[in-house]
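Here the structure is laid out as structure tokens; the discussion comes afterwards.
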Amino acid sequence: MPKIVLTSSQEDYLEAILHIEKENGAARTKEISKRLRITYSAVTKALQSLAKKNLVYYKPYGLIRLTPTGKRIANDVVNRHTALKEFLIKVLHVDEDEADDAACKMEHAISKNIINRIIKFVEYVENCPHVNIKWLDEFGYHCKDLDHCDKCSHCDDIPLKDIEKSK
């Protein structure tokens with residue numbers, strides 16, 4: 001099956017439809033327009049394009065639903081957004097609104113490999129059992145006492161070679 005190439009805007013439509021479907025069971029042009037702050041005519045044009053790619057079920061004036069492929073892609077976009085937002089909030093201590101806005105912009109350009117590494121790093125920051133974790137502006141979080149990190153399974157996944165030991 002050939003890879004479906006989507007613009008950032010098209011991914012945003014799929015993400016919006018997914019959220020509206022979860023809330024209401026299906027979406028309407030008006031709801032998508034309101035959520036994305038876009039005109040009805042722009043939404044209609046985008047839905048026609050997504051329908052041609054078999055990503056949405058769409059008929060004018062009807063309910064809009066994601067196809068299985070559209071739902072898979074939309075869930076992937078949501079997962080990328082969530083991972084980036086959590087990283088920005090939990091690791092970099094960015095304000096939630098700013099993190100949400102930045103994640104929305106970044107989610108379209110980041111690879112699956114990088115997202116997976118970000119997810120692992122957030123897990124490390126949240127789960128490292130050592131109380132001696134410190135935020136350094138130059139490096140972010142790291143274990144201040146690296147002599148104990150060999151006992152932490154989360155630390156094994158994070159390369160600390162660039163961080164000097166500090167006692």
Are Ile38 and Ile64 joined in one hydrophobic group, where the rule is that I, L, V, M, F, W and Y side chains link up if heavy atoms are under 4.5 Å apart?
yes
Any non-hydrogen side-chain atom of Arg80 less than 4.5 Å from a side-chain atom of Lys112?
no
Apply side-chain contact (heavy atoms from CB on, under 4.5 Å) to Val78 and Leu18, showing your working.
CA-CA 9 Å; Val78 169; Leu18 179 70; 3.7 Å; yes
Atom CD in Glu31, atom CG in Asn24: separation rounded to 0.5 Å?
5.0 Å
If Ile, Leu, Val, Met, Phe, Trp and Tyr residues are connected whenever their side-chain heavy atoms lie under 4.5 Å apart, and connections chain through other members, are Leu63 and Leu47 in the same group?
no
Can you give me every donor-acceptor pair (side chain of residues 50-62, partner residue at least two apart or in another chain, under 3.5 Å) with its distance?
from	atom 1	to	atom 2	distance (Å)
Lys53	NZ	Val5	O	2.9

Is any side-chain heavy atom of Arg72 closer than 4.5 Å to a side-chain heavy atom of Asn75?
no
Could you tell me which non-hydrogen atom of Ala27 sits nearest to which non-hydrogen atom of Glu21, and how far apart they are?
N-CG, 4.5 Å
Euclidean distance, Glu123 CD relative to Ile118 CD1, rounded to 0.5 Å:
12.5 Å
Decide yes or no on side-chain contact (heavy atoms from CB on, under 4.5 Å) for Glu107 and Lys85, but give the supporting numbers first.
CA-CA 9 Å; Glu107 71 194 18; Lys85 183 177 175 181; over 6 Å; no
Would you check if Ile115 and Leu84 make a side-chain contact, meaning some heavy-atom pair closer than 4.5 Å?
yes
Can you measure from OG1 (Thr29) to NZ (Lys34) and round to the nearest 0.5 angstrom?
14.5 Å
Gap between atom CZ of Arg65 and atom CD1 of Ile17 - 0.5 Å precision:
11.0 Å
Any side-chain heavy atom of Asp12 within less than 4.5 Å of one from Thr7?
no
Could you tell me the separation between the OG atom of Ser111 and the CG atom of Asn116, rounded to the nearest 0.5 Å?
8.5 Å
Quick check for you: to the nearest 0.5 Å, what is the distance between Lys22 atom NZ and Leu66 atom CG?
10.0 Å
Could you see if Leu88 belongs to whatever hydrophobic cluster contains Ile110? Use Ile, Leu, Val, Met, Phe, Trp, Tyr and a side-chain cutoff under 4.5 Å.
yes
Please check this pair: side chain of Glu11 against backbone of Val77, looking for a donor-acceptor N/O pair closer than 3.5 Å.
no
Give a yes or no on whether Ile119 and Val94 share a hydrophobic cluster (residues Ile, Leu, Val, Met, Phe, Trp, Tyr; joining criterion: side-chain heavy atoms under 4.5 Å apart).
yes
Would you say that more than 12 heavy atoms from the other residues, nucleotides or ligands in this model lie under 6.0 Å from the CZ of Arg35, or not?
yes
Solution key, residues 98-106 side-chain donor-acceptor pairs under 3.5 Å, sequence neighbours excluded:
from	atom 1	to	atom 2	distance (Å)
Asp100	OD1	His81	NE2	2.6
Asp101	OD2	Lys105	NZ	3.1

